[in-house]
Amino acid sequence: MDFVTADDATIRNVVTEAITPTAASATVSEDMRLSLCTVIARLRASGWYYEGANEQTMATEALTRMPAGRFFIRDSTHLGHLFTMDFQTGRIGESRIRSVRFTYVDGMFGLDMMPRHAGARCVPKFRCPIDLVEYYTRMCRIQVARQKPVYPIWADQHGKSFSWRILIRPMVKVTAEEFPSLKHKTRLIINRHNQLITMASTTQPIPNQLIEYLLQYPYSL
């Protein structure tokens, strides 16, 4: 199965142009355009999506100094993929930073696992890369608690397997311009504790603007 129905270059143009309609992207369906628009908006709101060559270079250099378990998402340099996640393994005696690409099939993102790897056909799929990352960070916490591997184990294109114990916390931008706002930090805490439902059940009405802001980024990372 192909990654997308439109050609890879067209999809990449749609992403880099923030889903602005152009003649070059006319072959992309409106549903796909809206879906990718939402994905890009949420990635940018996360604070750990690095787009553009300069940002990605700085992020890679910063990641080399980070402890094991830190990660970030960037634009993929491979034409067949939209996004890639780089993560710090902290392993001694080998390259400490590893990368895994995200596939994009029928509007769903998944890990680019080896087709020959056992269970690769059962790789979970998600509407947004952040959903995907949250899933695997939960797997990491479960694995740490149980002290044994939890399916699935990622295998790269060379057949080398990695445990998700090494996926812990995103590397958030900390420059004066990009440092997460207090509003965003509060939103993360609310999402982390599933407090939106609790807030909605109170007798005090919640402003629609607040609900909309929370729903714009429904994640805890």
Side-chain angles (χ1 to χ4, degrees), residues 3-4 6-20 22 24-25 28 32-33 35-91 94-105 108-113 126-137 140 154-158 160 162 164 166-181 184 188 217 219 221:
F3 288 123
V4 288
D7 63 275
D8 297 326
T10 299
I11 295 297
R12 186 169 295 280
N13 287 338
V14 173
V15 172
T16 56
E17 295 173 13
I19 328 302
T20 302
T22 64
S25 61
V28 180
M32 183 180 293
R33 191 188 310 281
S35 176
L36 288 175
C37 182
T38 300
V39 165
I40 292 296
R42 289 180 172 179
L43 282 171
R44 287 173 174 167
S46 73
W48 40 276
Y49 165 53
Y50 295 79
E51 53 185 323
N54 291 336
E55 273 202 1
Q56 292 176 24
T57 298
M58 290 187 293
T60 300
E61 292 176 354
L63 190 61
T64 62
R65 301 186 294 272
M66 290 287 173
R70 296 300 177 89
F71 59 87
F72 65 84
I73 290 178
R74 59 176 171 82
D75 297 329
S76 181
T77 57
H78 190 285
L79 290 178
H81 301 265
L82 298 179
F83 305 109
T84 294
M85 179 173 62
D86 291 348
F87 54 96
Q88 173 65 270
T89 67
R91 296 186 175 187
E94 63 180 78
S95 176
R96 300 174 67 227
I97 296 179
R98 304 296 297 179
S99 301
V100 56
R101 298 166 183 154
F102 297 160
T103 60
Y104 184 58
V105 182
M108 303 292 283
F109 292 91
L111 291 182
D112 185 23
M113 293 178 66
F126 304 88
R127 290 289 180 187
C128 179
I130 303 177
D131 287 301
L132 184 155
V133 173
E134 284 207 323
Y135 171 82
Y136 286 106
T137 54
C140 168
W154 170 62
D156 66 15
Q157 293 300 312
H158 302 290
K160 188 170 184 178
F162 292 90
W164 285 115
I166 55 180
L167 195 63
I168 299 173
R169 185 181 304 172
M171 189 181 77
V172 179
K173 300 175 185 179
V174 292
T175 62
E177 296 80 11
E178 300 286 356
F179 195 85
S181 66
H184 181 65
L188 293 179
Y217 190 85
Y219 309 108
L221 290 177

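The model shown is predicted, which means the values in this text are computed figures rather than measured ones. The analysis underlying the following values was restricted to heavy atoms, covering all of them including side chains, and did not include hydrogens, waters or symmetry mates.
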Asks: What pair of heavy atoms forms the shortest contact from P129 to I73, and how long is it?
Replies: CB-CD1, 3.9 Å
Asks: I need the L132 CG to L111 CG distance, nearest 0.5 Å.
Replies: 5.0 Å
Asks: Using a 4.5 Å cut-off on heavy atoms from C-beta on, say whether the side chain of T60 contacts that of Y50.
Replies: no
Asks: Looking at every heavy atom in both D112 and H81, which two are closest together, and how far apart are they?
Replies: OD2-CE1, 3.5 Å
Asks: What I'd like to find out is whether the side chain of D86 reaches to under 4.5 Å of the side chain of R98, using heavy atoms alone.
Replies: no
Asks: Search all heavy atoms of I168 against all heavy atoms of A68 and return the closest pair with its distance.
Replies: CD1-O, 4.0 Å
Asks: First locate atom SG of C37, then atom CE of M32, and finally report the distance between them rounded to the nearest 0.5 Å.
Replies: 14.0 Å
Asks: Does R70 use its side chain to pair, donor to acceptor, with the backbone of L63 at less than 3.5 Å?
Replies: no
Asks: I'd like to check T77 versus R74 (side-chain heavy atoms, cut-off strictly below 4.5 Å). Are they in contact?
Replies: yes
Asks: Quick check: do V133 and F126 have side-chain heavy atoms less than 4.5 Å from each other?
Replies: no
Asks: Hey, does I130 have a side-chain heavy atom less than 4.5 Å from the side chain of F109?
Replies: no
Asks: Are F71 and P170 side-chain neighbours, meaning at least one heavy-atom pair lies under 4.5 Å?
Replies: yes
Asks: Just jot down the side chain to side chain contact (heavy atoms under 4.5 Å, CB included) partners of L188, sequence neighbours excluded, or say none.
Replies: H184, R192, Y217
Asks: If I take atom CD from residue E51 and atom CD1 from residue I40, how far apart are they, to the nearest 0.5 angstrom?
Replies: 6.5 Å
Asks: Apply side chain to side chain contact (heavy atoms under 4.5 Å, CB included) to the pair W48 and M171, showing each step before the final yes or no.
Replies: CA-CA 6 Å; W48 40 276; M171 189 181 77; 5.7 Å; no
Asks: Tell me, with the steps shown, if M85 and L167 meet side chain to side chain contact (heavy atoms under 4.5 Å, CB included).
Replies: CA-CA 11 Å; M85 179 173 62; L167 195 63; 4.0 Å; yes
Asks: When rounded to the nearest 0.5 angstrom, what distance separates CG in N54 from CD in Q56?
Replies: 9.5 Å
Asks: Would you find a donor on one side and an acceptor on the other, under 3.5 Å apart, between the side chain of T103 and the backbone of G110?
Replies: yes
Asks: Side-chain contact test, heavy atoms from C-beta onward, threshold under 4.5 Å: evaluate it for L82 versus V39 and give yes or no.
Replies: no
Asks: Can any side-chain N or O of K173 pair as donor or acceptor with the backbone N or O of S46 at less than 3.5 Å?
Replies: no
Asks: Roughly how far, to the nearest 0.5 Å, is the CG atom of D75 from the CD atom of E55?
Replies: 9.5 Å
